[in-house]
Amino acid sequence: MTNKLFIYNTLSRQKEEFIPLHENFVGMYVCGPTVYSDVHLGNCRTFISFDLIYRYLLHLGFKVRYVRNITDAGHLEGDRDEGDDKFAKKAKLEQVEPMEIVQKYTLGFHNVMGAFNTLPPSIEPTATGHIIEQQEMIQHIIKNGYAYEVNGSVYFDVEKYIKEYPYGQLTNRNLEDLLANTRELDGQDEKHGPLDFALWINAKPEHLMRWSSPWGVGFPGWHIECSAMSSKYLGDTFDIHGGGMDLQATHHTNEIAQSQACNHKSPVKYWMHTNMLTVNGVRMSKSAGNGFDPDELFTGNHPLLDKGYSPMAVRFFMMQTHYRSTLDFSNEALTASEKGYRKLMSSMELFDKIKTSATTTSDIATLKKNCYDAMNDDFNTAVLLANLFEGVRIINSVYAGTETITEQDLETLVNLFQDFVIDVLGLQPEGSSDNSISDGLMNLILSIRADVKAKKDFATSDKIRDSLKQLNISVKDEKDGKTSWSFE
RNA sequence: GGUCGCGUGGCCGAGCGGUUAGGCAGAGGUCUGCAAAACCUCGUACAGCAGUUCAAAUCUGCUCGCGACCUCCA
């Protein structure tokens, strides 16, 4: 439909027209979570952003293969207190199995993603499930001369690579800058150069996750899984690779190097990076201790939270900001989003009740065009929402009788909201009840209230309304004498 | 220190050379038995200084403040 889609490509630092490598097909890889602890909101933001991108690509009619990995190897060690060998001395059965941790947090991650109404990826590969592929890729890189083995570990030879290929394109860094910022890290004497990074790491005795390999028992390095799995499922070159901005400088830079060294091809056409979530201006992160997990957010059970916020209110909150901007969390902002979200959703409930006319007083076609223009401009959901709120105004005005709409325009508007609010933004109604008992009870109560109101017994009718309010049920008298109700 | 980015009205947050962002909060009004909701009207904001231009929040330079990455982290 309509115009061209433009995507901001980190490689070129500008918006580029999106032209898939294979017409009508899109391959997209997103770096997923490391499942050794609960996801926090900042993680969620990235995945929700890419969910939006995935949804819009689907909406445009592309056949998308969306791959998002689960990192369940490489970072996991049985000994949380390194240097202290008390854990190593414990019987193995006393320790938690690494895969137990993986299972627990993978399930938790999926639950949270479900709560946020994200679509599952097409493929969700795990690092532990692709050890062979990673080893094969490493062997290939060694064969091509860009990696070397030392004491059972394999390192990528950045200084050799950098002579033949651009290395720091994602961050605009040159060799001198990179070298100037290298730090002396202990225990890294094995590396030939300070920029070299591990492809395969020799496992210490206490390391629980370990696999045999041509270089001895060990585990894969931190970047190789994404290269191996993306090329396996999407090919040596694919359309979109995404992830959080914090992965740009190291993880993604090294992914490019690995793939180039292996296949002599640049792996990705469009690199996309989402910005961070901050709390009171500081990045939310595990180490900063200012991260709360989604459950705490939903329940309000956290010192930073005044109250709980529903998943959809949070999703709306994120959609009000462009994915490349930092998003600063505050209770005030969340509360504002909660109200905006409800306003948006409640206007959609009016569609069935709207009466059509012979003419339309607002320009629905332009509104629709503006929505597509916004999304085609690098997925600008903030502008999209601004346009949708113009639609909300129109709906409410028609319902109130101050504007009119034709049947055809109404249909356009209904489809527009279905497409963008539900399908693309991924917002869904919540808190509504289709419980027939509560519906029946409410009809009964409201009919009694209507009776006493007819007798001008306002004391009683207000008592009913106030009491229902206590139960978080709001009652609204509308101008045609009807009364509507909804859960707060 | 290096690389990149940001500073917009009470709050959040788009815009990036000329025309309304939008949401929330606030003020007034319409409607209503009263509420609520909705609708209408209202703020004339772009860190500071200088420059380019007929025209700058939007471009350039400098200053100040903030952040990200450079170390596992989306």
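The shown structure was predicted, so the numbers you read here are calculated from the model rather than taken from an experiment. In what follows, chains carry the letters A, B, and so on, assigned in the order in which the sequence lines appear, proteins first and then strands, with residues in each chain numbered from 1.
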Problem set entry | Separation between the C1' atoms of B:C64 and B:G28, rounded to whole Å | 40 Å
For this session: Would you indicate which nucleotide in B:C70, B:A37, B:G33 comes nearest to any side-chain atom of A:A249?
Result: B:C70
For this session: Enumerate, in order of first residue number, the stems that involve RNA chain B, defined as 3 or more consecutive Watson-Crick or G-U wobble pairs with both distances under 3.5 Å.
Result: B:1-7 with B:64-70, B:10-12 with B:22-24, B:26-30 with B:38-42, B:47-51 with B:59-63
Problem set entry | Whole-Å P distance, B:A47 and B:A57 | 10 Å
Exercise. Over how many whole Å does the gap from A:H40 atom NE2 to B:C73 atom C1' extend?
Worked result: 8 Å
Problem set entry | Touch class at under 4.0 angstrom, heavy-atom based, for A:G32 against every strand present | sugar-phosphate
For this session: Measure from NE2 on A:H322 to C1' on B:U8 and round the result to the nearest Å.
Result: 17 Å
Problem set entry | Sugar-phosphate only, base, or nothing, as touched by A:G243 at under 4.0 Å among non-hydrogen atoms | sugar-phosphate
For this session: Please tell me if the side chains of A:R315 and A:T118 come closer than 4.5 Å, counting only heavy atoms from C-beta onward.
Result: yes
Exercise. Can you tell me how far C1' in B:A36 sits from the matching atom in B:C4, rounded to whole Å?
Worked result: 49 Å
Problem set entry | Base B:G5 to side chain A:N275, donor-acceptor N/O within 3.5 Å cut-off | no
Problem set entry | Sugar-phosphate, base or nothing in reach of A:A382, heavy atoms under 4.0 Å | base
For this session: Could you state the atom-to-atom distance from NZ of A:K353 to P of B:A38 in whole Å?
Result: 13 Å
Exercise. Can a salt bridge be assigned to the pair A:D466 and A:K469 using a cut-off of 4.0 Å between side-chain N and carboxylate O?
Worked result: no
For this session: Have a look at A:S474 and say if it touches a base, only the backbone sugar-phosphate, or nothing, with a 4.0 Å heavy-atom cut-off.
Result: nothing
Exercise. For A:Q14 and B:G5, what is the distance between atoms CD and P respectively, to the nearest whole Å?
Worked result: 12 Å
For this session: Measure from the side chain of A:Q320, starting at C-beta and using heavy atoms only, and say which of B:G22, B:A74, B:C70 lies closest.
Result: B:G22
Exercise. From B:G23, B:C73, B:C39, pick the nucleotide closest to the side chain of A:L247?
Worked result: B:C73
Problem set entry | Same-atom distance (C1') from B:G10 to B:U44, integer angstrom | 15 Å
For this session: Nearest whole angstrom, please: distance from the P of B:C16 to the CG of A:N380.
Result: 9 Å
Exercise. Would you call the rings of A:H223 and A:F197 parallel, tilted or perpendicular, where under 30° means parallel and over 60° means perpendicular?
Worked result: perpendicular
Problem set entry | Whole-Å C1' distance, B:G13 and B:A25 | 14 Å
Problem set entry | Candidate pair A:Y270 and A:F6, rule ring-ring contact (aromatic ring centres under 6.0 Å, His included), full reasoning | CA-CA 11 Å; A:Y270 304 91; A:F6 283 81; over 10 Å; no
For this session: Give me the ring orientation class for A:F47 and A:F109: parallel if the planes are under 30° apart, tilted from 30 to 60°, perpendicular past 60°.
Result: perpendicular
Problem set entry | Residue A:D462, side-chain heavy atoms: nucleotide from B:G33, B:C12, B:C4 that is nearest | B:G33
Problem set entry | Presence of salt bridge, A:D51 and A:R55, under 4.0 angstrom | yes
Exercise. NA contact type, A:V30, heavy-atom cut-off 4.0 Å: base, sugar-phosphate, or nothing?
Worked result: nothing
For this session: Report yes if a donor N or O on one partner sits less than 3.5 Å from an acceptor N or O on the other, where the partners are the side chain of A:R465 and the base of B:A35; otherwise report no.
Result: yes
For this session: Answer with base, sugar-phosphate or nothing: what part of the nucleic acid does A:T274 contact at a heavy-atom distance below 4.0 Å?
Result: nothing
Problem set entry | Under 3.5 Å side-chain donor-acceptor pair for A:T326 and A:D328 | no
Problem set entry | Whole-Å P distance, B:U53 and B:A21 | 28 Å
For this session: Among the candidates B:C12, B:G13, B:C39, find the nucleotide nearest to the side-chain atoms of A:F317.
Result: B:C12
Exercise. How long is the line joining CZ of A:R324 and C1' of B:A74, in whole Å?
Worked result: 17 Å
Exercise. Using a cut-off of 4.0 Å on non-hydrogen atoms, how would the nucleic acid contact of A:N387 be classed: base, sugar-phosphate, or nothing?
Worked result: nothing
Sub-3.5 Å pairs of nitrogen or oxygen atoms, protein against nucleotides 24-29 of chain B:
{"residue": "B:A25", "atom": "OP1", "partner": "A:K339", "partner atom": "NZ", "Å": "3.1"}

Problem set entry | Span that lies between the P atom of B:C73 and that of B:U60, in whole angstrom | 34 Å
Exercise. Roughly how many Å is it from CE in A:M319 to P in B:A21, rounded to a whole number?
Worked result: 25 Å
Exercise. Taking only side-chain nitrogens and oxygens of A:S325, does any of them come within less than 4.0 Å of OP1 or OP2 of B:A14?
Worked result: yes
Exercise. What's the CG-C1' distance between A:L277 and B:G67, to the nearest Å?
Worked result: 13 Å
For this session: Examine A:F379 together with A:F50 and report whether their ring centres are nearer than 6.0 Å.
Result: no
For this session: For A:S49, check side chain to side chain contact (heavy atoms under 4.5 Å, CB included) against everything at least two apart and list the hits.
Result: A:R45, A:T274, A:Y323
For this session: May I ask you to evaluate whether A:N396 reaches the phosphate of B:A38, defined as a side-chain N or O under 4.0 Å from OP1 or OP2?
Result: no
Problem set entry | Geometric cation-pi criterion A:R324 and A:Y8, 6.0 Å radius, 45° cone | yes
For this session: Scan A:T250 against the nucleic acid and name what it touches under 4.0 Å (heavy atoms): base, sugar-phosphate only, or nothing.
Result: sugar-phosphate
Exercise. Would you say the side chain of A:D477 and the base of B:C34 hold a donor-acceptor pair, judged only by whether the two atoms sit under 3.5 Å apart?
Worked result: yes
For this session: Measure centre to centre between the rings of A:H130 and A:Y233, then say whether the value is under 6.0 Å.
Result: yes
Exercise. Touch check for A:L327, heavy atoms < 4.0 angstrom, all strands: base, sugar-phosphate only, or nothing?
Worked result: sugar-phosphate
Exercise. From B:G13, B:G22, B:A74, pick the nucleotide closest to the side chain of A:D246?
Worked result: B:A74
Exercise. Does the gap between the ring centers of A:F417 and A:F351 come in under 6.0 Å?
Worked result: yes
Exercise. When you compare B:A45 with B:U58, how far apart are their P atoms, in angstrom units rounded to a whole number?
Worked result: 14 Å
Exercise. Within the stacking criterion (centroid distance below 5.5 Å, interplanar angle below 30°), does A:F47 stack on B:A74?
Worked result: no
